[in-house]
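Data block below; observations after.
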Amino acid sequence: MPVTFTESFMLKKEIRKTYLQKRLDLSFQDFSDQSVLILYFFNQIKFNSANYLLSYSPMNEKKEFDVSTCEDVLIKMFPSLEIALPKTNGQLGLEARIPQHEKLFIKNNLNILEPLDGKLLDSKLIDLIFVPLISFDRHGYRVGYGKGFYDRYLRECKSDAVKIG
């Protein structure tokens, strides 16, 4: 029997709630252990090249993994790598900005840290994308925070960009 839109939406809403709570319930030690495992598995990935990475600033209050550790690995592999960060551009839009000043960040209306300024990066140039998520299934479909910013933005990116959640 096919799943209706309402059932699908409710399923995602329940997954979002359940798995975010599981993450929030992690002890400091468990969170640290999981972060070490994520970095270990990240180090197993073989990248051919990368010029541009779209990363993100983790939300500590939601116990998001600190992707800066993976950024450091990539910078050692590809010294000329440029790192862009997402910036909201309107109610439901997202753009990639390469920060011009490392210290000039502001929290947006969703309490997410984003660059105050920076060079706009064409989405078709991005080679790697770190995508925040709450959960994913065995087919790689993600459940994010429910606003659809990344879902819309990823459709603009080149199809062979590597996406890591």
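The first residue of the sequence shown is numbered 1, and numbering continues consecutively from there. Basis for what follows: all heavy atoms, side chains included, without hydrogens, waters or symmetry-related copies. Everything quoted here is computed from the prediction, not taken from an experiment.
The number of heavy atoms from other shown groups lying within 6.0 Å of NZ (Lys158) is above 12. Atom OH of Tyr56 is surrounded by more than 12 heavy atoms from other residues, nucleotides or ligands within 6.0 Å. Within 6.0 Å of NZ in Lys124 there are more than 12 heavy atoms belonging to other residues, nucleotides or ligands.
Contact of the Thr69 side chain with the Val67 side chain is not registered, since no non-hydrogen atoms from C-beta on lie closer than 4.5 Å. A 4.5 Å side-chain heavy-atom check between Asp127 and Leu53 finds every atom pair outside the cut-off. Side-chain contact between Asp66 and Ser35: absent, with no pair of heavy atoms (C-beta onward) separated by less than 4.5 Å. Taking the side chain as every heavy atom from C-beta outward, Tyr153 and Ile126 approach each other to under 4.5 Å. Contact check for Ser135 versus Arg142: no side-chain heavy atoms found under the 4.5 Å cut-off.
In this structure, Ser27 contributes its side chain and Asp30 its backbone to a donor-acceptor pair below 3.5 Å. Under the 3.5 Å distance criterion, the side-chain polar atoms of Arg152 are left unmatched by any main-chain donor or acceptor of Gly93. At least one donor-acceptor pair under 3.5 Å links the side chain of Lys163 to the backbone N or O of Ala161. In this structure a side-chain-to-backbone donor-acceptor pair under 3.5 Å is present from Ser123 to Glu156. A donor-acceptor pair under 3.5 Å is formed between the side chain of Arg97 and the backbone N or O of Gly118. At least one donor-acceptor pair under 3.5 Å links the side chain of Asn89 to the backbone N or O of Leu94. Of the possible donor and acceptor atoms, one in the side chain of Lys63 sits under 3.5 Å from a partner among the backbone N and O of Leu24. A donor-acceptor pair under 3.5 Å is formed between the side chain of Gln100 and the backbone N or O of Ile98.
For residues 44-54, no pair satisfies side chain to side chain donor-acceptor pair (under 3.5 Å), with sequence neighbours left out.
Under a 4.5 Å side-chain heavy-atom cut-off, the cluster of Ile, Leu, Val, Met, Phe, Trp and Tyr residues that includes Leu26 is completed by Phe31.
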Problem set entry | side chain to side chain contact (heavy atoms under 4.5 Å, CB included) evaluation trace for Val73 with Ile75 | CA-CA 6 Å; Val73 170; Ile75 289 169; over 6 Å; no
For this session: Determine, stepwise, if the pair Ile134 / Ile15 fulfils side chain to side chain contact (heavy atoms under 4.5 Å, CB included).
Result: CA-CA 8 Å; Ile134 295 173; Ile15 290 169; 5.8 Å; no
Exercise. Should Asp33 and Gln29 be marked as a side-chain hydrogen bond (donor to acceptor under 3.5 Å, both in side chains) after you check the CA-CA gap, both sets of side-chain angles, and the distance that decides it?
Worked result: CA-CA 6 Å; Asp33 292 346; Gln29 186 60 55; 2.8 Å; yes
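Heavy atoms only, all atoms of each residue included: Pro79 and Lys76 are closest at CD-O, 4.2 Å. Summarising the geometry of Leu54 relative to Pro86, their closest heavy-atom pair is CD1-N, 3.7 Å, with the distance given to 0.1 Å. The two residues Leu133 and Arg23 have their closest heavy-atom pair at O-NH2, 2.7 Å. In this structure, Ser55 and Tyr150 approach most closely via the heavy-atom pair O-OH, 4.2 Å. Across all their heavy atoms, Cys70 and Leu39 have their closest contact at SG-CD1, 4.1 Å.
Taking the charged nitrogens against the carboxylate oxygens, Glu14 and Lys12 have no contact shorter than 4.0 Å, which rules out a salt bridge.
The cluster map of Ile, Leu, Val, Met, Phe, Trp and Tyr, joined by side-chain heavy atoms under 4.5 Å apart, puts Val162 and Leu121 in the same cluster. Hydrophobic clustering, with ILVMFWY side chains joined whenever heavy atoms are under 4.5 angstrom apart, groups Leu128 together with Met77. Hydrophobic clustering (ILVMFWY, side-chain heavy atoms < 4.5 Å, transitive): Leu120 and Ile83 are in distinct clusters. In the hydrophobic clustering of this structure, Ile129 groups with Met59; members are Ile, Leu, Val, Met, Phe, Trp, Tyr whose side-chain heavy atoms approach within less than 4.5 Å, directly or through other members.
Taking the six-membered ring for Trp and the full ring otherwise, Phe42 and Phe65 have centroids separated by 6.0 Å or more.
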